[in-house]
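Every value quoted in this text rests on a predicted model; they were computed, and no experiment measured them. The sequence lines fix the lettering, A, B, ..., with proteins before strands; numbering per chain opens at 1.
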There are 2 protein chains.
Amino acid sequence: MREFLRTKGFKMTPQRELIFKSFFAMGKHVSVDELYDKVRQQDSSIGYSTVWRNLKLICKVGLAEEVNLGDGVTRYDRATETPHGHFYCIDCRKLTEFGMDNIVGQLAIISRENDFVPSGFKIEIQGRCRACRDKRAGEKTTAESAEAQRA
Amino acid sequence: MREFLRTKGFKMTPQRELIFKSFFAMGKHVSVDELYDKVRQQDSSIGYSTVWRNLKLICKVGLAEEVNLGDGVTRYDRATETPHGHFYCIDCRKLTEFGMDNIVGQLAIISRENDFVPSGFKIEIQGRCRACRDKRAGEKTTAESAEAQRA
DNA sequence: TCGAAATTGAAAATCGTTTTCAATTGGCCG
DNA sequence: CGGCCAATTGAAAACGATTTTCAATTTCGA
């Protein structure tokens, strides 16, 4: 890792090492806050901006990429070789992945047809996961009508 | 429109009418600021929060939906009957649409296979549009190497 | 017409992201 | 092995878009 970074012109530091290691040890879709908390458990002297900057760095060197769900927080998704889309549950906001190899081929074709040179594909399927559907079914006793109103 | 809103429990006001009309008169992917400016040309007394709230309302009643590109601003895209994806140029940040009827079928299948009930699909193809590619080709004389570094 | 509930505008509060700045550290060069 | 310059760090402040607050106003059904 140290070597990899060096070739890209960056230095290795204790903080950076811990941040990188923690990030890759965590699951997917990590937010700055989550990683910050995690890292802090090991070294409470690390600053928020350092975590943030290193997350950006991880993206810059191509080891991860930002995922934006529109809920206000940027998440960082480890770069995988296999392209995947996301199921985004509108209730619990959890992300689940699915492969999209066959679809990518089509997107590439669509791009070509539109004189667009693609560098990445992002597919998000919004809806409700099983758990949230079950939960709603249970709650669906009273109220029900006056729910949509009042943000 | 007034009637439509009434059935949903909302009232019509002069400001709302202007905002709605302006929004639907504008192209796609409108940001709060853009709509605010537009609306202000007609009635400079309208407040920013009113525009923002009505944009949210338009989404709430299902006439539009938020589009998040990850560049910090939320855009609002008129709801269309025909599902479409977006080409997102990483240089000029312009959005262009493409139909995705055939792909949607596949996404629905994928969802079903994963026990996920979809309510919406979002496809974004990132890359470079023709204009930006041409522009880059022109500039690509000097520098070139030391570009990736230094944010 | 009356009144409850919705809406508005201005200003302030939020909140995640990004920058600033001085101090520290890493790593290459001699 | 020193020394130096650029990279890095941490704290705090700056930013900027979004969201809320609050008092005043307006809408619309009764």
Side-chain angles (χ1 to χ4, degrees), chain A residues 1-20 22 29-37 39-40 42-61 65-76 93 146 148-151, chain B residues 1-20 22 29-37 39-40 42-61 65-76 93 146 148-151:
Chain A
M1 191 68 257
R2 178 181 226 90
E3 184 54 19
F4 170 73
L5 284 179
R6 203 180 53 64
T7 66
K8 300 253 180 181
F10 301 103
K11 297 174 178 175
M12 180 49 86
T13 67
Q15 297 94 330
R16 176 160 294 168
E17 178 151 25
L18 174 56
I19 293 172
F20 272 53
S22 299
H29 324 121
V30 182
S31 67
V32 182
D33 285 353
E34 288 165 353
L35 184 56
Y36 176 64
D37 288 344
V39 162
R40 277 250 160 175
Q42 310 270 126
D43 179 350
S44 64
S45 72
I46 291 185
Y48 183 90
S49 31
T50 299
V51 174
W52 177 80
R53 279 185 288 232
N54 275 291
L55 228 20
K56 286 286 188 187
L57 178 64
I58 292 176
C59 290
K60 179 141 55 174
V61 299
E65 54 187 24
E66 302 191 349
V67 177
N68 213 302
L69 275 28
D71 66 346
V73 279
T74 302
R75 267 159 242 284
Y76 296 81
R93 324 210 119 182
Q149 242 64 292
R150 213 70 10 253
Chain B
M1 189 70 257
R2 178 183 227 88
E3 184 54 18
F4 170 73
L5 283 179
R6 203 179 53 63
T7 67
K8 300 252 180 183
F10 300 103
K11 297 173 178 175
M12 180 50 87
T13 67
Q15 296 93 330
R16 177 160 292 168
E17 178 151 25
L18 174 56
I19 293 172
F20 272 53
S22 298
H29 323 121
V30 182
S31 68
V32 182
D33 285 353
E34 287 165 354
L35 184 56
Y36 176 64
D37 288 345
V39 162
R40 277 251 159 172
Q42 310 271 125
D43 178 349
S44 64
S45 71
I46 291 185
Y48 183 90
S49 32
T50 298
V51 174
W52 177 80
R53 278 185 289 233
N54 275 290
L55 228 20
K56 286 286 187 186
L57 179 63
I58 291 176
C59 290
K60 179 141 55 174
V61 299
E65 55 187 23
E66 302 191 348
V67 177
N68 212 302
L69 275 28
D71 66 345
V73 279
T74 302
R75 266 158 243 284
Y76 296 82
R93 324 211 119 183
Q149 242 63 294
R150 214 67 12 247

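- Here A/Ser31 lies out of heavy-atom contact (under 4.0 Å) with every strand.
- As a whole-Å value, the separation of A/Asp37 CG from C/dG16 P is 12 Å.
- Side-chain contact between B/Glu3 and B/Arg6 is present, with at least one heavy-atom pair separated by less than 4.5 Å.
- Note on B/Arg2: a side-chain N or O is less than 4.0 Å away from OP1 or OP2 of D/dC28.
- Distance CG (B/Leu55) to P (C/dT8): 13 Å, rounded to an integer number of Å.
- Separating the OH atom of A/Tyr36 from the P atom of C/dG16 is a distance of 13 Å, rounded to the nearest angstrom.
- As a whole-Å value, the separation of B/Leu5 CG from D/dT26 C1' is 16 Å.
- Closest to the side chain of A/Thr13, from the set D/dA17, D/dT8, D/dG10, is D/dT8.
- At least one side-chain heavy atom of B/Ile19 sits under 4.5 Å from a side-chain heavy atom of B/Leu35.
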inquiry  = Determine whether A/His29 and A/Tyr76 satisfy the following criterion, side-chain contact (heavy atoms from CB on, under 4.5 Å), listing intermediate values before the conclusion.
reply    = CA-CA 5 Å; A/His29 324 121; A/Tyr76 296 81; over 6 Å; no

Taking only nitrogen or oxygen atoms into account, show me every contact under 3.5 Å that the protein makes with nucleotides 19-23 of chain D, one pair per line with its distance.
unit_1	atom_1	unit_2	atom_2	d
D/dT19	OP2	B/Trp52	NE1	3.2
D/dT19	OP2	B/Lys56	NZ	3.1
D/dT21	O4	B/Arg53	NH1	3.2

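- Relative to the axis of its first five pairs, the axis of the last five pairs of the helix from C/dT1-D/dA30 to C/dG30-D/dC1 sits at 30°, rounded to 10 degrees.
- Of the side-chain N and O atoms in B/Thr50, one or more sit less than 4.0 angstrom from OP1 or OP2 of C/dG9.
- Residue A/Gln15 has a polar side-chain atom (N or O) positioned under 4.0 Å from OP1 or OP2 of D/dG10.
- Of the side-chain N and O atoms in A/Arg6, none sit less than 4.0 angstrom from OP1 or OP2 of C/dG27.
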query = Is there a side-chain contact (heavy atoms from CB on, under 4.5 Å) between B/Glu17 and B/Met1 once you walk through the steps?
reply = CA-CA 9 Å; B/Glu17 178 151 25; B/Met1 189 70 257; over 6 Å; no

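- Protein atom CZ of A/Arg16 is 11 Å distant from nucleotide atom P of C/dG26, rounded to whole Å.
- When heavy atoms are screened at a 4.0 angstrom cut-off, B/Asn54 is found touching the sugar-phosphate backbone but no base atom.
- The interatomic distance linking A/Asp43 (CG) with D/dA11 (P) rounds to 10 Å, in whole Å.
- When each of D/dA17, C/dA4, D/dA7 is scored by its nearest atom to the side-chain atoms of A/Lys11, the top-ranked nucleotide is D/dA7.
- For A/Asp33, the side chain to side chain donor-acceptor pair (under 3.5 Å) partners at least two apart in sequence or on another chain are A/Tyr48.
- Look at CZ on B/Phe10: it is 15 Å from C1' on C/dT8, rounded to the nearest Å.
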